[in-house]
Amino acid sequence: MKFATKAIHAGITPDPATGAIMTPIYQTTTYVQQAPGEHKGYEYSRSQNPTRDALQNNLAALENGKFGLAFASGLAATDAILKTLKPGDEVLSTNDLYGGTYRIFTKLFEQYGLKFKFVTMTDADTLEQHLSDQTRLIWIETPTNPMMHIIDIKAVTDLVKQRDIKVAVDNTFATPYLQLPLDLGADLVMHSVTKYIGGHSDVIMGALVLNDQEWAEDLQFIQNASGAVPGPQDCFLALRGIKTLHLRMQRHCENAASVAHFLKQHPKVDKVFWPGFEDHPNHQVAKNQMQDFGGMISFTLKGDDIEEAKSLMTRFQYFQLAESLGGVESLCGHPASMTHASIPREERIKSGLVDSLIRMSVGIEDIEDLLEDLKQALE
Ligand code: P1T
């Protein structure tokens, strides 16, 4: 089954009771048993729910994986992965990543004895020097949030193939429409479903997809034991969003390419970070492992003028100033004070995240209106 067909059909069957073509929202906490322990596979909705099952199967199919798990948020999904590690285990992570992921690593799980090292992964050959006997997990975010670095997933997985080290990829920016980490050798894919997969800025949710049965069973145990599960209504909204994921992503990519090229030639703009440019340092890797370059762009202004950057963000008509990304509407944000404020400034600067950096989530509006908006705000 090809991607667009999977988005609409995979894991979804018409409701056996009524034939309803849309997966029903099983808004129930519990299920009646015929006798103690005798039931239809559903006991309690923290453990199983049919609407969530449909979504989990659909997500697994989209990522070419066997097991899908949905969580109450992207960070709840990350939390579950970290709970499969033991004190003393070490995680090597990209040094540019979503601020909330950095926060759960350093502020929560360091105190339970996990160790985190943040390293540049754009050159996989230099990664080897950071590996130790304690390294158990490599955490890749690609494209990175917000600097749009691209990590070569296959090169990293090849490097650790013979070792007891798993590779997890946060595929939030790319989505399975553009990039399939499991096919490139990764062990697990993580999503903030909140973003492109949901696609309509109305659901907070996370997901994991993987092939390894033992790890999947551990994660299913944690999903139930810790209980950070999404409700059935949100699962329905995510399923509905996914049905147009391929169409939305095509327009996000097209619009972002136009916005990136417009910004690059504008006299007030200094640097534009978008992997579609031939002079982006990881352009070739992006071309190899992604179908297109995605809908996210970051840029700085000449003179690294933070006041002008802040003022600019209030002058847009369509690029609304807000956290998050991946919805149909265009957003802009200021990572240093918003999404990445929990990363210490010295760390941010080291990975290139300067104070004047502006991040854009380019939506699927008419491109002429978006370019007009950028023009009027920059002038
Ligand atoms: O917000 P939540 O669903 O918990 O997902 C966290 C998360 C994980 N990974 C990446 C790459 C993300 O971008 C996020 C959330 N990011 C934002 C809210 C943001 O504006 O960048």
Side-chain angles (χ1 to χ4, degrees), residues 55 59 69-82 91 93-109 118 121 139-151 153 168-176 178-179 181 186 188-209 223 226 228-231 234-235 237-238 241 252 273 275 290 294-298 313 319-327 329-343 348 351 353 357-363:
L55 172 64
L59 286 167
L69 294 100
F71 290 85
S73 69
L75 283 173
T78 301
D79 177 88
I81 302 170
L82 297 172
V91 180
S93 166
T94 39
N95 63 345
D96 181 46
L97 76 170
Y98 171 54
T101 309
Y102 179 89
R103 182 177 56 201
I104 194 173
F105 285 175
T106 57
K107 297 272 165 59
L108 265 181
F109 279 88
F118 299 92
M121 284 191 202
W139 183 269
I140 297 177
E141 198 180 279
T142 184
T144 63
N145 180 358
M147 297 309 300
M148 307 302 297
H149 296 304
I150 303 292
I151 317 300
I153 298 171
V169 176
D170 182 336
N171 205 23
T172 299
F173 268 33
T175 82
L178 298 180
Q179 173 172 283
L188 180 146
V189 174
M190 176 265 159
H191 275 287
S192 171
V193 174
T194 315
K195 309 299 179 324
Y196 290 105
I197 290 186
H200 296 75
S201 308
D202 51 10
V203 173
I204 297 281
M205 196 188 291
L208 303 177
V209 178
Q223 185 192 38
S226 292
V229 292
D234 281 356
C235 292
L237 286 172
H252 281 297
F273 304 95
M290 298 173 75
M296 298 298 296
I297 297 170
S298 294
M313 281 181 272
F319 287 87
Q320 299 286 338
L321 175 60
E323 304 226 0
S324 206
L325 59 108
E329 62 287 305
S330 292
L331 298 179
C332 70
H334 181 234
S337 68
M338 294 166 70
T339 47
H340 292 69
S342 53
I343 303 179
R348 290 201 306 262
S351 68
L353 200 174
L357 189 88
I358 296 173
R359 191 189 73 179
M360 313 288 254
S361 171
V362 182

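Counting starts at 1 for both ligands and their atoms, in listed order.
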Measure the CG-CG distance between L108 and L75 for me, rounded to the nearest 0.5 Å.
->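 Separation between the atoms: 9.5 Å.
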Please check if any side-chain donor atom of S201 sits under 3.5 Å from a side-chain acceptor atom of E329, or the reverse.
->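 The answer is yes; a qualifying pair exists.
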Does a donor on one side chain and an acceptor on the other come within less than 3.5 Å for T94 and D96?
-> no
Checking S298 side chain against F273 main chain: does a donor-acceptor pair fall under 3.5 Å?
->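 No; judged by distance alone, with no hydrogens or angles, the pair does not exist.
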Between Y102 and F118, how do the two ring planes meet: parallel, tilted or perpendicular, split at 30° and 60°?
-> tilted
So which protein residues pack against ligand 1 under 4.0 Å, heavy atoms counted?
->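 If the criterion is a heavy atom under 4.0 Å, then ligand 1 touches S73, G74, L75, Y98, E141, N145, D170, T172, M190, S192, T194, K195, M205, E323, S324, L325, T339, R359.
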At their closest point, which heavy atom of L321 faces which heavy atom of G333, and how far apart are they?
->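 In terms of heavy atoms, the two residues are closest at CD1-CA, 4.1 Å.
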